[in-house]
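Both counts, for ligands and for their atoms, begin at 1 and track the order of listing.
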Amino acid sequence: MAASLYRVEEESKSIWVYLEQENGLLEAVSLELLAQGRQMADQMGWELCALIMGHEVNHLVVQSIACGADQVWLADHPLLEYFTIEAYTYVAVQALTQGRPSVFLLGATPNGRDLAGRLAVRIRTGLNADCTGLSMTSEGVLVSEVSGFGGGILALIQMERHRPQMATVHPGVFSPPESVEGRNGKLVEIQTDLSEDMIHTHIVERVTGRGIDLGRAPVLVAGGRGVDGDFDLLRRLADLLGGDVGATRPPVDEGHIERERQVGQTGVVCRPKVAICCGISGAFHFVVGIEKAETVIAINSDPEAPIFDFADYCIVGDVHQVLPALIAILQESGEVVYA
Ligand SMILES: Cc1cc2nc3c(=O)[nH]c(=O)nc-3n(C[C@H](O)[C@H](O)[C@H](O)COP(=O)(O)OP(=O)(O)OC[C@H]3O[C@@H](n4cnc5c(N)ncnc54)[C@H](O)[C@@H]3O)c2cc1C
């Protein structure tokens, strides 16, 4: 691999986090990364810097500093009002070349992934994508936890020679930061010569997401291939418990449920009080999405299903018999358990 734009010896001792915003609101995953970045920066005695790009987003500077940033690198420009890959890459390369961070973290959102891939190529460094954990060695090397080979192994990847050490991380992997009012930090305004002719993306229509926020549901009722597409049954149980419905990848791929509801390595990482896994085998790619649940209940007709090794409560049985029985009991008791 060709040498990066700057060498290890030229890095500034800093961790950078890309703070993704939409309409002036920060993505939850960006704040979660700020919290983890703060912890790692404190461990190393380094600075934590936030990179913000947008238009008329100055109000985010105070929020970022309150949430742990020592410095906020802000690019405020009319052409950055909406995300376009050309504009955001151009400005981010300018900022990274100037700031020379050791580590650069982004959320594994659609735009975060898009930006991270292009940036890694531009600045000739590596990228650990879809990480489920991050830590630092005492020598300042980022250790990224990624599942590989069909989920059979958990790889800990280190990037010793290339800078910045880049990683994208799923929403929900880390807890959000505490906001400390009156915390001190520095603003660095990025001067950019960005111009319209650099942008080839034309925004035809902007569609707002449906607001599914599985990461915060207190109860997750997740269905797998064993549910046979009958997600109405799961929805009834979730409604009774004040929870929400998630899924493994196969029912999403088969079109039984929205992609935003996929739980796991390439979906959402959830932290519910209770996760009820229905007709799910327990592949590693799925389990990483619920391993932070306080209690896991699994219903599977196969007593040897790997999900039972992970679950706190195991129900061997057919979901089409167990779930209606559970729903009937809850309806009879008339109680909402976890609203
Ligand atoms: C790079 C990569 C990323 C991936 N990312 C994700 C991800 O983010 N999320 C994800 O979920 N997967 C992901 N996958 C796929 C993952 O590896 C598994 O294939 C998937 O999780 C399996 O889904 P499943 O448990 O629903 O299906 P299966 O593995 O087919 O399991 C179905 C289970 O249902 C049980 N069952 C069948 N009928 C019944 C019944 N009537 N009652 C009770 N139980 C029954 C069976 O015993 C079986 O255990 C990824 C794969 C790759 C390669």
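- Every atom of ligand 1 with a heavy atom of Thr266 under 4.0 Å away is listed here by number and element: 3 (C), 4 (C), 5 (N), 6 (C), 7 (C), 8 (O).
- Nearest to atom 35 (C) of ligand 1 by heavy atom, out of Leu323, Ile299, Asn300, is Asn300.
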- request: Go through Asp42 and Arg38 one step at a time and tell me if the salt bridge (Lys or Arg N to Asp or Glu O under 4.0 Å) criterion holds.
  value: CA-CA 6 Å; Asp42 286 344; Arg38 181 70 270 159; 2.8 Å; yes
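- For a threshold of 3.5 Å applied to N or O pairs, the pair formed by Ala283 and ligand 1 contains no separation below that value.
- Of the N and O atoms on the side chains of Glu20 and Ser30, not one donor lies less than 3.5 Å from an acceptor on the other residue.
- Side chains of Tyr82 and Asn23: no donor on one and acceptor on the other come within 3.5 Å.
- Residue contacts with ligand 1 for Pro250 involve side-chain atoms from C-beta outward but no N, CA, C or O (heavy atoms, distance under 4.0 Å).
- Atom OH of residue Tyr18 and atom CD1 of residue Ile52 lie 10.0 Å apart, to the nearest 0.5 angstrom.
- Taking only nitrogen or oxygen atoms, main chain and side chain alike, Val263 reaches within less than 3.5 Å of ligand 1.
- In this structure, Ser4 OG and Glu11 CD are separated by 10.5 Å, a value rounded to the nearest 0.5 Å.
- For ligand 1 and Gly224, the ligand atoms under 4.0 Å from any heavy atom of the residue are 26 (O).
- For ligand 1 and Asp318, the ligand atoms under 4.0 Å from any heavy atom of the residue are 40 (C), 41 (N), 42 (N).
- Below 3.5 Å of separation, one finds an N or O of Gly279 facing an N or O of ligand 1.
- Electrostatic pairing of Arg183 and Asp70 counts as a salt bridge here, judged by a charged N lying under 4.0 Å from a carboxylate O.
- Summarising the contacts of atom 17 (O) of ligand 1 with Gln321, His285, His320, the nearest heavy atom is found in His285.
- Donor-acceptor pairing under 3.5 Å is lacking for the side chains of Thr109 and Asn111.
- With hydrogens and angles left out, the side-chain atoms of Ser102 and Gln165 include a donor and acceptor closer than 3.5 Å.
- Side-chain contact annotation: Glu27 with Gln21, donor-acceptor N/O pair under 3.5 Å absent.
- The ligand atoms of ligand 1 that sit less than 4.0 angstrom from a heavy atom of Asp302 are 47 (O).
- Atoms of ligand 1 found under 4.0 Å from any heavy atom of Gly317 (numbered from 1 in listed order, with element): 42 (N), 43 (C).
- Proximity to Gly267 (heavy-atom distance under 4.0 Å) selects the following atoms of ligand 1: 8 (O).
- Cys278 does not count as a contact of ligand 1, since none of its heavy atoms falls under 4.0 Å from the ligand.
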